[in-house]
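Keep in mind that this is a model prediction, so the values were computed, not measured.
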Amino acid sequence: VFAFGDASNHCGNAGGYAGTARGAQIWGQPDETVDDVTVEKGCNVYNLKKVQGSRYVGGYIGNLCSGSAAEVSTEVSEDGSELQDLLDSIVQSGDNGLLSAASAIVSTVRYAKITVADSEWGFTVGGWDETVTENEETTTVHILPLSAGGFVGTMEGAVIGNYNRTVSVTPGQNGEDDEYSLIGENLTQTNIYVNDLRGVEAQYYAGGFVGIANVGGAASIGGSGTSLLSLAQLGEASVLDIFKPYIYNSNVEGVSDGFYIYTRGEQTSGVLCSTRCSGCAGGFAGAPLDATGENNAGKEGKQGPAVEVGGG
């Protein structure tokens, strides 16, 4: 899979299943055994060898984010925005309708796996070599994506893996705030698989499963006024949690001689305690920022360099 677009124009996202997925609901089902034959029912990628791109690159999805980031206009007439008014009224009400509205735009992936064409070689995620001729001199330049992962390059406001819990809302009494809690048991069975990974390379963030997992800070419900900022001003912390990245019951396994993770660049942004240093590489995640994960594993990894931060 190749995506050679200009990263500065938001092009160059590549993935074995999808280059970019916004507000996507990719729901496979558990495999079934019929007459001693396994019937695969997941949303799977088969016979993968290589994924290359210039921006966000993943073995399954390059860029996975909430649908709100698309900023689709909700205007239905020149006189006003009826849908936006409805969404605003839900936010102002502060009830569990807001939780449902926010959940509807979060991307989710369940029961998915990556298998390769050649199990000895596996598959790689990263960039490519490009020949450049200048002043009659020819040189080879290695182009790298900004972030890359064995499953997903970049994820914001998304949930990967099946997590069998639901939100229970208890209305507040005597003017008190509503209480939110999780009910149900976590499914501990792995349902997201990355098999036979050979290597991942990127400029700034690289991981065996995900390059960078971040909060969907730019998310907005609808096309105009209702944003994460307005939710924060209302104190809707439980709704803000929806836009965090979550990874559950996911597994990465490399080829028999191990997989490598490389980052080649470095960049610093922010100030003081808000400073963020890129150039991060990890066996499972390059940079999990305010992310939540449970029952995840990475196997058959080997060392690779990171400019700023490296970890298994």
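For T140, there are no side-chain hydrogen bond (donor to acceptor under 3.5 Å, both in side chains) partners two or more places apart in sequence or in a different chain. Considering only residues two or more places apart in sequence or on other chains, D35 meets the side-chain contact (heavy atoms from CB on, under 4.5 Å) condition with none of them. Residues passing the side-chain contact (heavy atoms from CB on, under 4.5 Å) test with A24 are A21, I26, S107, sequence neighbours excluded. By the side-chain hydrogen bond (donor to acceptor under 3.5 Å, both in side chains) test, T20 pairs with N13, sequence neighbours left out. In this structure Q52 satisfies the side-chain hydrogen bond (donor to acceptor under 3.5 Å, both in side chains) test with no other residue, sequence neighbours excluded. Remark: W121 engages no residue in a side-chain hydrogen bond (donor to acceptor under 3.5 Å, both in side chains) (not counting sequence neighbours). The side-chain contact (heavy atoms from CB on, under 4.5 Å) check on D36 picks up nothing, with sequence neighbours excluded.
Hydrophobic cluster membership of F4, counting Ile, Leu, Val, Met, Phe, Trp and Tyr whose side-chain heavy atoms lie under 4.5 Å apart directly or via other members: F2, W128, V132, V141, I143.
A donor-acceptor pair under 3.5 Å is absent between the side-chain atoms of Y205 and the main chain of A202, judged by distance alone.
Pairs of residues two or more places apart, or lying in two chains, that qualify as side-chain hydrogen bond (donor to acceptor under 3.5 Å, both in side chains) and include a residue from residues 38-51 are E32-K41, E40-Y46, E40-K113, N44-Y46.
Linking ILVMFWY residues whenever their side-chain heavy atoms come closer than 4.5 Å, directly or via other members, places Y204 and L289 in the same cluster.
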Using the rule given for side-chain contact (heavy atoms from CB on, under 4.5 Å), can you reason through T108 versus W27, listing the C-alpha separation, both sets of side-chain angles and the distance that settles it, and then say yes or no? CA-CA 8 Å; T108 57; W27 292 359; 2.6 Å; yes
Can you list the steps and then say if D196 with E120 is a side-chain contact (heavy atoms from CB on, under 4.5 Å)? CA-CA 8 Å; D196 300 313; E120 291 188 5; over 6 Å; no
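Of the candidates I114, N195, L197, L197 is the only one forming a side-chain contact (heavy atoms from CB on, under 4.5 Å) with V252.
Residues H142 and E201 meet the side-chain proximity criterion, which asks for heavy atoms closer than 4.5 Å.
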Donor-acceptor pairs under 3.5 angstrom involving side-chain atoms of residues 54-64: please list them, not counting sequence neighbours.
from	atom 1	to	atom 2	distance (Å)
S54	OG	G5	O	2.4
R55	NH2	H10	ND1	2.9
Y60	OH	C43	O	2.7

Going by atom type alone, with no hydrogens or angles, which donor-acceptor pairs under 3.5 Å involve a side-chain atom of residues 144-153 and a protein atom two or more places apart or on another chain?
from	atom 1	to	atom 2	distance (Å)
S147	OG	G153	O	3.4
S147	OG	T154	OG1	2.5

